[in-house]
Amino acid sequence: MTRLTNLLRHISRHAPNMALPAATLRTGARMPLLGLGTGPGSVGTWQTSTEPIYEAVKVAIDTGYRHIDNAESYAEEQAVGRALQEKVGSVVERKDIFITSKLWNTRHHPDDVLPACQRSLTDLGLDYLDLYLMHFPVAWTRGDVYYPKDENGRAVLATPDVPFMDTWKSMEKLVDAGLVKAIGVSNFNISQMEEVLTNGRIKPAVNQVESHPYLVCSKLLKCAADNNVIITAFSPLGRPGEESLHGVSPLKDPKVVSIAEKHKKTPAQVCLRWQVQRGVVVVPKSTSPARILENSQIFDFQLSTEDMETISGLNKDARIVKFGMCDDHPQWPFNGEF
Ligand SMILES: NC(=O)c1ccc[n+]([C@@H]2O[C@H](COP(=O)([O-])OP(=O)(O)OC[C@H]3O[C@@H](n4cnc5c(N)ncnc54)[C@H](OP(=O)(O)O)[C@@H]3O)[C@@H](O)[C@H]2O)c1
């Protein structure tokens, strides 16, 4: 038996009593500041096997994670559901774990929202979600092809278009029906988030956006704080394996490395700590038990004000996830401010 396995077993025995720091949603619910990401990475890199995610979710729960980030479009909800079935009721009670899923771009038609949510619930083996997010503010053509494309590789948009507020109204009904405890948005820029805040009967609890030291999103954070919206950072490590940021990884940034050395932590832990210390929820993805553990060890040190400012100063507005296949849509978010 390896030292890591022993360590995980030890942590597992104590994990059920660990209360990880959490953000308080406008609903009053507590959303752990650390969650496990379960997305596949870039478009077209879906794993041929969902076993790594099934194993990762089990390891994460044993390690003390109490928040799992999913989406229908990750095509991994059944694997996550199998892992939850093994752990919920034994290692953790359902009420003590926070489960998020997301409504995909091909499900924006108001009639498709309820069936999509029900499918996610069935696949996850749950009778409610803690949080359901509109994955992206642009509607694509209805159907089961996740990335409907025309001959030029462009996303086939919904015809007629479905304004995101129409989709939102159907999401509000999921709260009324008790299928989801809270609703929110993802990849919404400031003005899109403000539109939902202004016109929604139920206000968004969360906006999940890409954020890491090269995409700081300080204006969005300010607007969110002013309006009681919690921000979740996706790709919080800058998706290092993929080198999407033109070969530059925040984990290799000399300033991040130097701060990590000072605190005897890893660059990944520093990137995650910087986010949670400014009130941002993080959902790093890993299928490696060692890195799942590493990413959870961010609540036992404090970055100084100077460290925080140094990291925020690395901003380059560099974005990995661009959904460029629909960048001609008027609601494509990345022309606006974040
Ligand atoms: N709302 C949206 O539109 C959206 C878009 C993208 C992602 N997301 C969510 O955000 C989650 C995370 O984003 P992401 O997967 O794009 O990026 P990420 O979490 O920044 O990076 C994941 C990559 O980092 C590696 N990694 C994990 N921990 C590490 C560590 N401590 N040191 C070095 N490398 C490490 C992982 O490899 P190993 O597995 O080998 O450790 C994996 O390749 C997704 O899983 C998904 O849940 C949401």
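In this text, all values refer to a predicted model and were calculated from it rather than measured experimentally. Order of listing sets the numbers, starting from 1, for every ligand and every atom in it.
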Within ligand 1, which atoms have a heavy atom of [X] less than 4.0 Å away?
| X | answer |
| --- | --- |
| Gln208 | 1 (N), 2 (C), 4 (C), 8 (N), 9 (C), 48 (C) |
| Leu251 | 33 (C) |
| Pro284 | 19 (O) |
| Leu237 | 20 (O), 26 (N), 27 (C), 28 (N), 29 (C), 35 (C) |

May I ask you to decide whether [X] forms a salt bridge with [Y], counting only side-chain N to carboxylate O separations under 4.0 Å?
| X | Y | answer |
| --- | --- | --- |
| Asp253 | Lys316 | no |
| Lys265 | Asp300 | yes |
| Arg82 | Asp123 | no |
| Asp328 | Arg154 | yes |
| Arg119 | Asp112 | no |

Proximity to ligand 1 by part of [X], non-hydrogen separation under 4.0 Å:
| X | value |
| --- | --- |
| Glu294 | side chain |
| Asn295 | side chain |
| Ala268 | side chain |
| Pro236 | both |

Query raised in the report: Hey, are Gln277 and Arg273 close enough side-chain-wise for a donor-acceptor pair under 3.5 Å?
Result: yes
Query raised in the report: Taking the six-membered ring of Tyr128, is the NZ or CZ of Lys181 close enough (under 6.0 Å from the centre) and on axis enough (within 45°)?
Result: yes
Requested in this report: Report, as yes or no, whether the 6.0 Å neighbourhood of atom NZ on Lys173 holds more than 12 heavy atoms from other residues, nucleotides or ligands.
Outcome: no
**Report entry** Options Lys285, Arg291, Gln297, ranked by nearest heavy atom to atom 41 (O) of ligand 1, top entry
**Finding:** Arg291
Requested in this report: May I ask you to check if ligand 1 and Phe323 share an N or O to N or O distance below 3.5 Å?
Outcome: no
Query raised in the report: Do any nitrogen or oxygen atoms of Gly39 lie less than 3.5 angstrom from nitrogen or oxygen atoms of ligand 1?
Result: yes
